[in-house]
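I am attaching a structure below and will ask some questions about it afterwards.
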Amino acid sequence: MSSNAPAPGAETDGRVRHFIRQIIDQHLKDGSWDHVATRFPPEPNGYLHLGHAKSICLNFGLGQEYHGSCNLRFDDTNPVKEDVEYVESIKEDVRWLGFDWGQRQFFASDYFEQIHGYAVQLIEMGKAYVDSQTAEQIRETRGTLTSPGSHSPYRERSVEENLDLFRRMRAGEFKDGEHVLRAKIDMAHPNVVLRDPALFRIRHATHHRTGDAWCIYPMYDFAHCLSDAIEGITHSICTLEFENNRALYDWVLDTLGLTPRPRQYEFARLNLTGTVLSKRKLIQLVQQGHVSGWDDPRMPTLCGIRRRGYTPEALRDFCERIGVAKADSTVDFALLEHCLREDLNRRAPRVLGVVNPLKVVIENYPEGQVEEFEMPYSPEDESAGTRTVPFSRELWIEREDFMEDPPKKFFRLGPGREVRLRFAYYVTCTEVIKDESGEVVELRCTYDPATKGGWSQDGRKIKGTMHWVSIAHALPAQVRLYDKLFVKDNPMEVEDGQDFTANLNPESLKSVQGYVEPSLATAEPGFICQFERLGYFCVDSKDSAPGKPVFNRTVTLRDTWAQVQRNMNK
RNA sequence: UGGGGUGUGGCCAAGUUGGUAAGGCAACGGGUUUUGGAUCCGUGUACCGGUGGUUCAAGUCCUCCCACCCCAGCCA
């Protein structure tokens, strides 16, 4: 068996054996481990975004594939930044993505006592000391990337003194910043992380879970590896920026002699074209009011895209397709949209809705007459059922479906042209009515009664099929046409003196009043459908009211006509 | 300038005892179609960052070089 064969029993058939799966397979094969235990360790200080989705799918996915486990662990070691609000949203998002941690929900703060104990142990081993320099002094004596640091004058304190000081730190005898517990490693180490890193700092702050029980809190590097060890994690997977920290991760566990012990592996975080995925920048978008909030449908947060209408299935598929590797990369947003459309195409019922209405009067259609057409919810799945849509003399059609002087490749309506109204009739445009400014305000058409249902006996070929809504029966609805939030693939690409907000797309949200078929009156918040020929839309979960749905455009349909137009302009 | 990483078609990404470059997205062309949707078929001379070398044979081994990313929080 070659090393890249999946481990026996692993449910990974057909999937790419990325380097982490290969490492696990190897460990299972050579006996390093007989099971897999991973964890997803968010800090509860912000909302989850698409980058986290990659990590969640990786960690929880591995747990499932190898019939192992994946813990949800909140890395809550910094009380001043964290809040319960975030732990709730994180849980909701992970659950929504489709993962279940069962009873395996933990907090680094659950281990404060143990972690403290390990710190004491290090002090007793002479491997840690209380430094009483100021933060500035510590920074100054850390050296630079190319020059070594220097020893703290407190570095050689006795074990007894260190123990006493550390005890008093915990007891609350000192103010923030007065002392800090440091590992005694090597102030000249080429890896700066190992230059006597801080292990515990004083923070007189109320922790969202432990309250005021503690006034000293462990640093990430100290708490994380120990939490992994305590939980029996086998493979601790994180992103590339922690590669340097692995040396400290190993130092702590090795020095303490914890065994069997987890190992850390790093993969490249997700970058996407046309979006930003850093907490800092997302906060900026929210705080400066560029978006309506964390769950604005344009945000790459999980709550944002959920509200936009993205599905967990599409996300999971996407995360599998992008792969897991160590090279910095930027995935084309089009791949995410492809995964989304593939999923939505399968599940979204088709309905008719007009987003930019143009009035059409069918002159030879009897006034007052109404026909009910039965239309399928799905073009290829009969079990999706049908609904009935009213047709009458006056209709709304899409403004872009009419051109007064259309080019030959335009298959839609124009003066004298005949098109099909989906599942209804063939109509021919006989007259164009304009207002004083010359804008087209109404079309006069005639219909062919012999084409009922949208089909003709004579085999006449009709190239264009258009969607429509009967004016008298239409349900007015607010429709939000979302577009990309940034105009550049790389939002960070700016002129001197500007920041990424300079690349915000002023047209990322166009809110219009549209008309949809009456069957949508009862659509529930979160309901996802396809407005035929336009795209996928979902009923907004926040702003819709009973009988007054607000639709968010999740994603447009693939638009080959737009491509034809683009190519014509070249 | 120290240390740690990474470089395979436009974008991701396989490639693992060296044997002569998967797949997906995008793009382009065509069939089919009551969504210019969906679907089906087809299209790429990838100097495998560069260089020199080992070898019958190198993306895979060795040399040197280049580019990019990360690290000097009592953040994670």
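When reading the values below, keep in mind they use all heavy atoms of this one structure, side chains included, and skip hydrogens, waters and symmetry mates. Numbered from 1 within each chain, the chains take letters A, B, ... in sequence-line order.
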For this session: For A:R420, report the nucleic acid contact type (base, sugar-phosphate, nothing); a contact means any heavy atom under 4.0 Å.
Result: base
Exercise. Can you find a side chain N or O atom of A:H338 that sits less than 4.0 Å from OP1 or OP2 on B:C25?
Worked result: yes
Exercise. Quantified in whole Å, what is the P atom distance between nucleotide B:C68 and nucleotide B:G29?
Worked result: 37 Å
Exercise. In whole angstroms, how far is the P atom of B:C68 from the CZ atom of A:R269?
Worked result: 21 Å
Exercise. Base, sugar-phosphate, or nothing: which does A:E266 touch, judged by heavy atoms less than 4.0 Å apart?
Worked result: nothing
For this session: Report the residues that fulfil side chain to side chain contact (heavy atoms under 4.5 Å, CB included) with A:M492, sequence neighbours left out, ordered by chain and then residue number.
Result: A:V276, A:K281, A:N490, A:F500
For this session: Report yes if at least one side-chain N or O of A:S329 is closer than 4.0 Å to OP1 or OP2 of B:A13; otherwise report no.
Result: yes
Exercise. What about A:E380, does its side chain sit under 3.5 Å from the base of B:U39 through a donor-acceptor pair?
Worked result: no
Exercise. Between atom CD in A:E320 and atom C1' in B:A14, what is the gap in whole Å?
Worked result: 13 Å
Problem set entry | Complement of B:U39, any strand, by Watson-Crick or G-U distances under 3.5 angstrom | B:G31
Problem set entry | Those residues that, when tested against A:H208, pass side chain to side chain contact (heavy atoms under 4.5 Å, CB included) (two or more places apart) | A:P44, A:D76, A:E82, A:V84, A:V87, A:F107
Exercise. Is any side-chain N or O of A:Q563 closer than 4.0 Å to OP1 or OP2 of B:C28?
Worked result: yes
Exercise. Among A:R422, A:R350, A:E517, A:E398, whose side chain to side chain donor-acceptor pair (under 3.5 Å) with A:H467 holds?
Worked result: A:E398
Exercise. How many Å lie between CZ on A:F19 and P on B:G5, as a whole number?
Worked result: 12 Å
Seminar exercise, completed: Using Watson-Crick geometry (N1-N3 plus N6-O4 or O6-N4) or G-U wobble (N1-O2, O6-N3), each under 3.5 Å, B:G10 is paired with B:C25
Exercise. Under a 3.5 Å cut-off for both distances, is B:C68 Watson-Crick or wobble paired, and to whom?
Worked result: B:G5
Seminar exercise, completed: The contact string for nucleotides 69-76 of chain B, one letter per nucleotide 5' to 3', using protein heavy atoms under 4.0 Å with B, S and - for base, sugar-phosphate only and none, comes out as SBBBSBBB
Exercise. Parallel, tilted or perpendicular: which fits the ring planes of A:H207 and A:Y217, with parallel below 30° and perpendicular above 60°?
Worked result: parallel
